[in-house]
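Structure record follows, encoded as structure tokens.
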Amino acid sequence: MNLRKYISNISYKYFDRSKKKIGKGCSLHYGGTFITSKIENVALNGIYIGANTYIGRFFNLHTASEISLGKNVVLSDYVYISTIAHGITPGDIRIMEQPWEDKGSVRIGDNSFLGFGVIVLPNVSIGRWCIIGAGSVVTKSFPDYSMVAGNPAKLIKRYCLEKKEWI
């Protein structure tokens, strides 16, 4: 897939284009959304996508800090990654009117695969060569060579480099 063919069908809401870097050989499918927001006292580093990364249809990447995808990462269709959330303090101010909060950057290591409909919540680091099962909600970090699935995502298997198999 050619990046230039699909990039025109991607939405950039509240987006500072200088805060996006897309590596060589990447494929971004149609219907996706990038959102970078400026939040007071949060350093916006942006969205970084490593070389040869594939991002499927209708993806959503939202940040006020940083989302970093390594090289050769695969995000299936409908993957949602966010570092931001609305304030949820009960009171006189409606939730949609409360200020956004950045809860921490997201990093996904080289050669990782996120299945269909995966949600990655703020302040999460996913190691290299990780597999995230379809429909999983990732609420915490996982080390290299992890296979995780579920809501919330839990460790299912680890890849053993010595035996060359998932255990």
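Not one N or O on the side chain of Thr33 forms a donor-acceptor pair closer than 3.5 Å with the backbone of Phe58. With hydrogens and angles disregarded, no donor-acceptor distance shorter than 3.5 Å links the side chain of Thr36 to the backbone of Gly46. The main-chain N or O of Ile126 is never found under 3.5 Å from a side-chain atom of Ser141 such that the two would form a donor-acceptor pair. The backbone N or O of Gly127 lies less than 3.5 Å from a partner atom in the side chain of Ser112, making a donor-acceptor pair. Here the side chain of Glu101 pairs no donor or acceptor atom with the backbone of His86 at under 3.5 angstrom. Checking side-chain atoms of Asp77 against main-chain N and O of Arg57 turns up a donor-acceptor pair under 3.5 Å. With hydrogens and angles disregarded, no donor-acceptor distance shorter than 3.5 Å links the side chain of Ser136 to the backbone of Val138.
When every heavy atom of Gly70 is checked against every heavy atom of Asp110, the shortest pair comes out as CA-OD1, 3.2 Å. Considering all non-hydrogen atoms of both residues, Asp102 and Gly104 come closest at OD1-N, 3.0 Å. The minimum heavy-atom distance between Thr53 and Asn72, with the atom names listed, is OG1-N, 3.6 Å. The shortest non-hydrogen separation linking Pro143 to Cys130 is O-SG, 3.1 Å.
Pairs passing the side-chain hydrogen bond (donor to acceptor under 3.5 Å, both in side chains) check and including a residue from residues 148-167, sequence neighbours excluded, do not occur.
Around the CD1 atom of Ile93, the shell of radius 6.0 Å holds no more than 12 heavy atoms that belong to other residues, nucleotides or ligands. Counting heavy-atom neighbours within 6.0 Å of Ile88 CD1, excluding the residue itself, gives a total of 12 or less.
In this structure, SG in Cys26 is found 6.5 Å from CG in Asn52, a value given to the nearest 0.5 Å. The distance from atom CG of Leu61 to atom CG of Leu75, rounded to the nearest 0.5 Å, is 7.0 Å. Separating the CH2 atom in Trp100 from the CD1 atom in Ile84 is a distance of 4.0 Å, to the nearest 0.5 Å. Rounded to the nearest 0.5 angstrom, Thr139 OG1 and Leu121 CG are separated by 6.5 Å. The line from CD1 of Ile132 to CE of Met147 is 10.0 Å long, rounded to the nearest 0.5 Å. Here NZ of Lys21 is found 13.0 Å from CG of Leu69. Values are rounded to the nearest 0.5 Å.
For an aromatic pair to be called close, the ring centres must be under 6.0 Å apart, and Phe116 with Tyr78 satisfies this.
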Inset, instruction - Evaluate side-chain contact (heavy atoms from CB on, under 4.5 Å) for Leu161 paired with Tyr145, printing each intermediate quantity in order. - result: CA-CA 9 Å; Leu161 293 169; Tyr145 305 103; 3.9 Å; yes

Inset, instruction - For side chain to side chain donor-acceptor pair (under 3.5 Å), just list the numbers for Thr63 and Thr83, CA-CA rounded to whole Å, side-chain angles, deciding distance to a tenth of an Å, and then say yes or no. - result: CA-CA 5 Å; Thr63 189; Thr83 70; 2.8 Å; yes

Legend entry - Working for ring pair (Phe, Tyr, Trp, His ring centres under 6.0 Å), residues His62 and Phe34: CA-CA 6 Å; His62 305 169; Phe34 290 109; 9.5 Å; no

Legend entry - Verdict with reasoning, Leu28 to Phe59, per side-chain contact (heavy atoms from CB on, under 4.5 Å): CA-CA 9 Å; Leu28 283 73; Phe59 65 89; 4.1 Å; yes

Legend entry - CA sep, side-chain torsions, deciding dist, call: Leu114, Val120, side-chain contact (heavy atoms from CB on, under 4.5 Å): CA-CA 9 Å; Leu114 280 68; Val120 180; 3.7 Å; yes

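Residue Tyr54 is grouped with residue Phe113 when hydrophobic side chains (ILVMFWY) are merged at heavy-atom distances under 4.5 angstrom, including chains of intermediate members. Transitive grouping of hydrophobic side chains (ILVMFWY, heavy atoms separated by less than 4.5 Å) keeps Ile156 and Val137 in distinct clusters. Side-chain heavy atoms closer than 4.5 Å link hydrophobic residues (I, L, V, M, F, W, Y) into clusters, and following such links, even through other members, never connects Val73 to Ile119. Put simply, Ile35 and Val42 are part of the same group of oily side chains (I, L, V, M, F, W, Y) that touch within less than 4.5 Å, one to the next.
A salt bridge links Arg128 with Asp144; the closest basic N to acidic carboxylate O contact falls under 4.0 Å.
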